[in-house]
Number of protein chains: 2
Amino acid sequence: MNTIPAGTAHTAAKVVAGSLERRDDIGLGELRDHLPMTRRRLRPGQHLYRSGQPFTALFLVNVGCLKSCELSDDGREQVTGFRMRGDLVGVESIGLPGCTCDVVALDASEVWELPYAPMLSACLRVPGLQARLTWTLAEEIRRDRSWMLALGTLGAERRVASFLLDLADRHARLGFSASHFILRMNRTDIASFLALKHETVSRVLSRLQERGLILVERREMRILDAHGLRDCVNGDEPATMH
Amino acid sequence: MNTIPAGTAHTAAKVVAGSLERRDDIGLGELRDHLPMTRRRLRPGQHLYRSGQPFTALFLVNVGCLKSCELSDDGREQVTGFRMRGDLVGVESIGLPGCTCDVVALDASEVWELPYAPMLSACLRVPGLQARLTWTLAEEIRRDRSWMLALGTLGAERRVASFLLDLADRHARLGFSASHFILRMNRTDIASFLALKHETVSRVLSRLQERGLILVERREMRILDAHGLRDCVNGDEPATMH
DNA sequence: ACCGGGCCGTAACGGTTCGTAACGACATGT
DNA sequence: ACATGTCGTTACGAACCGTTACGGCCCGGT
């Protein structure tokens, strides 16, 4: 009962394949003339960079999905975000000699490496580049703040619902289906990002499925009732915590 | 028992007075020649700007303390930070027509208003200004990430201890005492920032005082054992949660 | 002086989430 | 085939924190 309909394997394959195509520019077409960009491929689990390594470049995700993890000196670890096609990675280390976090590929991924020193000088020549970089940094701050709001004010269930809607939205912006996609991260990563435990994520996903809002099996996710999910985030349901 | 020693009122007055002096530049000396900066004063409780208002300027805090609050469409509210002397306020709205959060003065405060449009063009003329702005944005991201790590991995007690140490550190950087200062925000604001309830903050502060780590009465804070607090953050104590 | 509201502290209770454990599915390698 | 490891799910007990309630303190207003 409640299993993904037959034939889904093919669909899933198509979804994944979709994210592997379209390796054209992501808005950096003009940049190619001004920067020595190189392409870099990563296998699942491979580090794009580690905390402490010298900071030399920013990276623009072309294909795949990566997670950035903040680390503390005493071993704590917190996933601070999942980076997908079009996201700029590494901005948190700008202005420092070394990187401040780990970035790990969750998928087979591909990024454009944008050396930072050339980029800085290009900012003086290429009109609008500086503004775009600034805008990207500001946008990053807004994303972080938005999640601080969610993590600070929502309970576990609403956090998960909010996370799923955000994933769906990002997929939609990339031209993929918002109601059927593959989770590129495991339960533990989701839990870390949402400041929960992976068992709690499992429990919540099960509950959301029982209510008919989603259909999830392993990494395959179907959003059955986006409106209901949104209601869940906004607390129309019993919505206990906080 | 456990009250602040007699004569404290005078000390407190001195601490507050200290934060009201020294209204000289905060590293923006050169900027004065290139930007039409104006000074703006705020009374306690007054908004510097509100969510939705047109975004026109950044603000550099000179005196006092402000809080920035992220707001959700359904009424939730989250304090995302406390801004003190030397902090640049408003960066989260860069590149947007309107502000995305509320900023409220907790103290009698004073800020320099730096109109953003002139600042953008100044970036093209003033060498290093662009790099400084970029650095500030990156630093803001690092602060947010650092708190995501704390909120995601620490329990209530360790969050509060971490918060107090952060306050102490910022006071020290400004040349004030790190072991004796005035809390410019009330318990509810602290609680919101730490994703807790104000009762929990109260309880934790009481417990920390029982252990002899701090001495707190209303808004006056003394750090008696900074090393012990650091141990508390790092989980040397029973440190239950998570 | 009296009152009222905001802020703060304490306590008891209840609920959400945690932490542990056990189990199953699946992939990989021997 | 079997062992091994990772991942996901579920159950159960316990800890933590939110909730609620009450009372004290301070300050401004009447």
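Numbers restart at 1 for each chain; the letters A, B, ... are given by sequence-line order, proteins then strands. Computation of the quantities below employed the complete heavy-atom set of this structure, encompassing side-chain atoms and omitting hydrogens, waters and symmetry-equivalent molecules.
Every residue meeting the side-chain hydrogen bond (donor to acceptor under 3.5 Å, both in side chains) condition with B/H47, not counting sequence neighbours, appears here in chain and number order: B/R50. Checked against salt bridge (charged side-chain N to carboxylate O under 4.0 Å, His left out), B/R219 has no partners two or more places apart in sequence or in another chain. In terms of the salt bridge (charged side-chain N to carboxylate O under 4.0 Å, His left out) criterion, residue partners of A/E113 (sequence neighbours excluded) are, by chain and number, A/R40. Under the side-chain hydrogen bond (donor to acceptor under 3.5 Å, both in side chains) criterion, B/D74 pairs with B/S72, B/R76, not counting sequence neighbours. For B/E92, the side-chain hydrogen bond (donor to acceptor under 3.5 Å, both in side chains) partners two or more places apart in sequence, or in a different chain, are B/Y49. Partners of B/R173 under the side-chain hydrogen bond (donor to acceptor under 3.5 Å, both in side chains) rule, at least two apart in sequence or in another chain, are B/D169.
A/R158 has its CZ atom 13 Å from the P atom of C/dT16, to the nearest Å. Rounded to an integer number of Å, the gap from CG of B/D189 to C1' of C/dG6 is 13 Å. In this structure, the CZ atom of A/R159 is 14 Å from the P atom of C/dT16, given to the nearest Å. Atom CG in B/L196 sits roughly 15 Å away from atom P in C/dT17 (whole-Å rounding). Between B/L106 atom CG and C/dC7 atom P there is a gap of 11 Å when expressed in whole angstrom units. Residue B/K197 contributes atom NZ, which lies 18 Å from atom C1' of C/dT10 at whole-angstrom precision. A straight line from CG of A/L183 to P of D/dT6 spans 21 Å, rounded to a whole angstrom. The CZ-C1' distance, from B/R203 to D/dG18, rounds to 8 Å in whole Å.
Taking 4.0 Å as the cut-off between side-chain N and carboxylate O, A/E110 and A/R85 do not count as a salt-bridged pair. Between A/E70 and B/R142, none of the side-chain N atoms (NZ, or NE/NH1/NH2) sits under 4.0 Å from a carboxylate O, so this pair counts as no salt bridge.
Over its full length, the helix from C/dA1-D/dT30 to C/dT30-D/dA1 turns its helical axis through 30°, comparing axes from the five pairs at each end and rounding to 10°.
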Do any side-chain atoms of residues 186-195 of chain B form donor-acceptor pairs under 3.5 angstrom with protein atoms, and if so which ones, sequence neighbours left out?
residue	atom	partner	partner atom	Å
B/N186	OD1	B/T188	N	3.1
B/N186	OD1	B/D189	N	2.8
B/R187	NH1	B/R218	O	3.3
B/R187	NH2	B/R218	O	2.8
B/D189	OD1	B/K67	NZ	2.9
B/S192	OG	B/V79	N	2.8

Distances under 3.5 Å only, N/O to N/O: pair up the protein atoms with those of nucleotides 7-9 of chain D.
residue	atom	partner	partner atom	Å
D/dG8	OP1	A/R219	NE	3.4
D/dG8	OP2	A/R187	N	3.0
D/dT9	OP1	A/R187	NH2	3.2
D/dT9	OP2	A/R187	NE	2.7
D/dT9	OP2	A/R187	NH2	3.3
D/dT9	OP2	A/S202	OG	2.7

